[in-house]
Amino acid sequence: MSLPEATNFIEQIINEELESGKFESRGNELQVRFPPEPNGYLHIGHVKALCINNAAKEKYGAKLNLRMDDTNPAKEDYEYVNSIVEAVEWLGIKYDKLVFASDYYDKLYEIAEKYIIEGNAYVCDLSAEEITATRGTLTTPGVESPYRNRSVEENLKLFREMKAGVYPDGAKVLRAKIDMASPNINMRDPVIYRIAHVPHYRQGDKWCIYPMYDFAHPLEDAIEGVTHSLCSLEFENHRPLYDWVIQKAGFPAPVPRQIEFARLNITNTLMSKRYLKKLVDEGFVRGWDDPRMPTIMGLRNRGVPPKALKKFVSDVGVAKNYSVVDIAQLDECIRDELNAEAERAMAVLDPVKLTITNYEGEEELDFEINPTDGSGATRKIKFSGSVYIDREDFALVPPPKYKRLTKGANVRLKAAYIVRCDDVKLDENGRVEEIFCTYFPETRSGSEVKSDVKAKGVIHWVDAKYGRDVEFRQYRPLLKDEQYPDQDYAERLNADSERVFDGKCEPYVADGENDKPYQLMRTGYYKKCTDGAKTVLSEIVTLKSNFNK
RNA sequence: UGGGGUGUCGCCAAGCGGUAAGGCACGGGAUUUUGAUUCCCGCAUUCGUAGGUUCAAAUCCUGCCACCCCAGCCA
């Protein structure tokens, strides 16, 4: 067979295994899984794991299950499973099956009894505190539990009673019988089942004992037929236990293999469900899908295309180095995708009226929908000689190198004419109220006629007669405070993370199709731009309805 | 101080004994009806460090240093 070229260390491992014939017994069919716990919404960090697994599907034809790792009923809920499914589908990742760890509870219980019968597990009556105290430390071995050598019969009886609800929470646990002196603390007789009289969102009151991650996860993998269990670095220490659990359960080879990679970190970006949940619970944002959130649904609502996220993850690569990717790299991917795909539209956030004194009547102009896609496609826009421009695009006293409109100077109204500012009307506070210009008919956009009239800059505009009033919201993602990284993030949110503008836009933009991101054509909307010395990053302006749907 | 990992440009990251890919960021220039895009050009004599093996080392060996993870009845 011909193997795909490996682009990272995981694929290298897979190629080597394939070459060695490790999976011949299963027809070289591989299987992976994406196993979030449904206790929160997926964030951009999860996109990495998702894409790595998806790559195995695309490159090796591996099966990819979306598995809800729901073994802790206290934290999980349907709201989260729904949001996870929605996010995965929005990303355009096709999984083979949606499965639930909770569907394996019976099987898991069976295996636990097998452990007991074979002397690999015992019921322990020590309290949580006592277990901690007898676990030893990093440098000293633990002490064996006095209940470690109960008979199989007694263990079985006790475990069945645990299951039957005879004991209260915390009274007893089932522990794997491994090695209290292991230098790897995870191997010091880890708890594999605990009592929790908590109803499960899917199983209801059927169970009052629940399996722990270290027991459940490897078995879920083995039961499903997963060949490669990809997870993050912090589980490296668990791998010996992962292997032990599967081996003692007696699954035949080839058995699943856990491979760890570095999770995604982004500068200034909150990447912990715990903090994100706090922001939601304490009302700092409108919800998990608020456009300022680094969740997949938040990014979607901010107008970030799924392809941008995938490109980002692919650009960043997969390795085992602990790393923090500069958020500028994400910004670049978003810009890149928007530049390639987004339709261009004009809008004005802070409108100022501009009247062309020598223009009469009205006309339709051609506006290029996307100058970068090579299609040359245009749409018509109406022009009546009276428009709104952005307050920022006019300066009474222009800063150095200013390229936009100022008194006595020329500027091009995008897709229309070059105009010259003759006069300005100020209100009683000295604020610009209206701008009066003359236009140069021979400078009509696309005109064959050569004109001597030049303009340094191009600004956008919205026709005063045909434009629509619209509410814009501008977002910056919620950023961690660099100065106080350990402070309570929620207390230090960027107060400027959401700004609302009563602006104007072309009727085209507000015609009900605004669920797609437009690249609004103006400095700083969403693009990399240098405005004097100021670079605006990570901002996007969307119509209000963009995130309310 | 036990164990498990990782150290290649400001940030990611290739490299797997034959003489340092690429992306982001940054700097310079050209085109441009988005100060965008595009386009050139520049950006590690050096791979945590000290030795060793070799004709040849980021790649092999040894010592040292730094950082991360592990003592939940969370995942």
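A, B, ... follow the sequence lines: proteins, then strands. Residue 1 opens every chain.
- When rounded to the nearest whole Å, the span between CG of A/Leu219 and C1' of B/A75 equals 15 Å.
- Here A/Thr137 lies in heavy-atom contact (under 4.0 Å) with a base.
- Dashed line: the shortest gap from a side-chain N or O of A/Thr71 to OP1 or OP2 of B/A75 is under 4.0 Å.
- Residue A/Pro240 is out of contact with every strand shown, counting any heavy-atom pair closer than 4.0 Å.
- For the pair A/Glu37 and A/Thr139, nearest-nucleotide mapping onto RNA chain B gives the more 5' position to A/Thr139.
- Applying the Watson-Crick and G-U wobble criteria (two distances, each under 3.5 Å), B/A71 pairs with nothing in any strand.
- Side-chain atoms of A/Arg239 and base atoms of B/G4 include no donor and acceptor less than 3.5 Å apart.
- Among the heavy atoms of the strands lying under 4.0 Å from A/Ile131 is at least one base atom, whether or not backbone atoms are also near.
- Set against B/C12, B/C73, B/C74, the side chain of A/Thr132 has B/C73 as its closest nucleotide.
- Straight-line distance from the CD atom of A/Glu234 to the C1' atom of B/C74: 12 Å, rounded to whole Å.
- In summary, A/Glu363 and A/Arg444 engage in a salt bridge, as defined by a charged side-chain N under 4.0 Å from a carboxylate O.
- For the OP1/OP2 pair of B/G15 and a distance below 4.0 Å, the side-chain nitrogens and oxygens of A/Gln12 include at least one atom meeting the criterion.
- Regarding A/Arg135, its CZ atom lies at a distance of 16 Å from the C1' atom of B/G2, rounded to whole Å.
- Nucleic acid contact for A/Gly317: none, since no nucleic acid atom lies under 4.0 Å from a heavy atom of the residue.
- B/G15 has its base anti relative to the sugar, with a glycosidic angle deviating from 0 by more than 90°.
- OP1 and OP2 of B/G72 both lie 4.0 Å or more from every side-chain N or O belonging to A/Arg194.
- Taking atom CG of A/Asn184 as the reference point, atom C1' of B/G5 lies 12 Å away to the nearest angstrom.
- In this structure, A/Val458 reaches the sugar-phosphate backbone alone: every heavy-atom distance under 4.0 Å involves primed, P, OP1 or OP2 atoms, never a base.
- Salt-bridge formation is detected for the pair A/Glu234/A/Arg263: a Lys NZ or Arg NE/NH1/NH2 atom is positioned less than 4.0 Å from an Asp or Glu carboxylate oxygen.
- Of the P atoms belonging to B/C64 and B/G27, the separation is 44 Å, rounded to the nearest Å.
- Between A/Arg175 and B/C73 there is no side-chain N or O to OP1 or OP2 distance below 4.0 Å.
- Ion pair A/Glu337/A/Lys311 not flagged as a salt bridge, since none of the NZ, NE, NH1 or NH2 atoms sits closer than 4.0 Å to an Asp/Glu carboxylate oxygen.
- Side chain of A/Asn339, nearest nucleotide from B/U37, B/A71, B/G23: B/U37.
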Given salt bridge (Lys or Arg N to Asp or Glu O under 4.0 Å), test A/Glu260 with A/Arg239 step by step and report yes or no. CA-CA 9 Å; A/Glu260 310 85 7; A/Arg239 198 188 326 133; 2.8 Å; yes
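- With a 4.5 Å cut-off on side-chain heavy atoms, A/Leu405 and A/Asp393 do not count as touching.
- As a whole-Å value, the separation of A/Lys172 NZ from B/C73 C1' is 14 Å.
- A/Tyr210 comes within 4.0 angstrom of nothing in the nucleic acid, heavy atoms only.
- Out of B/G23, B/C74, B/G2, the shortest distance to the side chain of A/Pro183 is found at B/G2.
- Under the Watson-Crick or G-U wobble criterion, with both distances below 3.5 Å, B/A56 is left unpaired in every strand shown.
- Two residues are said to be in side-chain contact when any heavy atoms from C-beta on lie closer than 4.5 Å; A/Leu276 and A/Trp288 meet this criterion.
- Nucleotide B/U46: unpaired (no Watson-Crick or G-U wobble partner with both distances less than 3.5 Å).
- For the pair A/Tyr193 OH and B/C74 C1', the interatomic distance rounds to 16 Å; values are reported in whole Å.
- For B/A25, the OP1/OP2 oxygens have a side-chain nitrogen or oxygen of A/Arg335 closer than 4.0 Å.
- Contacts of A/Lys401 with the nucleic acid, taken as non-hydrogen atoms under 4.0 Å apart, include base atoms.
- In this structure, A/Ile192 reaches neither bases nor backbone, as no heavy-atom distance under 4.0 Å exists between it and the strands shown.
- Taking the six-membered ring for Trp and the full ring otherwise, the centers of A/Phe215 and A/Tyr193 sit less than 6.0 Å from each other.
- Residue-level contact check: A/His238 touches the bases, meaning some heavy atom is under 4.0 Å from a base atom.
- Taking the six-membered ring for Trp and the full ring otherwise, A/Tyr242 and A/Phe235 have centroids separated by 6.0 Å or more.
- Side-chain nitrogen and oxygen atoms of A/Thr7 include none within less than 4.0 Å of the OP1 or OP2 phosphate oxygen of B/A14.
- Pair assignment for B/U37 gives none, since no Watson-Crick or G-U wobble pairing has each distance under 3.5 Å.
- Nucleic acid contact class of A/Gly446 (heavy atoms, under 4.0 Å, all strands): base.
- Judged by atom type and distance alone, A/Asn237 reaches the base of B/G3 through a side-chain donor-acceptor pair under 3.5 Å.
- As judged by a 4.0 angstrom heavy-atom cut-off over every strand, A/Arg412 is placed among the base-contacting residues.
- One can place CD1 of A/Ile259 at 13 Å from P of B/U6, the figure rounded to the nearest angstrom.
- Taking 3.5 Å as the limit, the base of B/G23 and the side chain of A/Gln329 contain a donor-acceptor pair of atoms between them.
- At a threshold of 4.0 angstrom between heavy atoms, the contacts of A/Lys403 include nucleobase atoms, whether or not backbone atoms are also involved.
- Dashed line: the shortest gap from a side-chain N or O of A/Asn186 to OP1 or OP2 of B/A71 is not under 4.0 Å.
- With a cut-off of 3.5 Å on both Watson-Crick or G-U wobble distances, the partner of B/U31 is given as none.
- In this entry the distance linking CZ of A/Phe215 with C1' of B/A75 reads 16 Å, nearest Å.
- The pair A/Asp179-A/Arg188 fails the salt-bridge criterion, with no side-chain N (NZ, NE, NH1 or NH2) lying under 4.0 Å from an Asp/Glu carboxylate O.
- When each of A/Thr267 and A/Thr372 is assigned the nucleotide of RNA chain B with its nearest heavy atom, A/Thr267 is the one assigned upstream, toward the 5' end.
- Within the nucleic acid shown, A/Ala319 comes within 4.0 Å of sugar-phosphate atoms alone, with no base atom in reach, counting heavy atoms only.
- The A/Ser323 side chain lies nearest to B/C12 when the options are B/A75, B/C12, B/G35.
- Looking at the side chain of A/Asn321, the nearest of the listed nucleotides B/A13, B/G5, B/A25 is B/A13.
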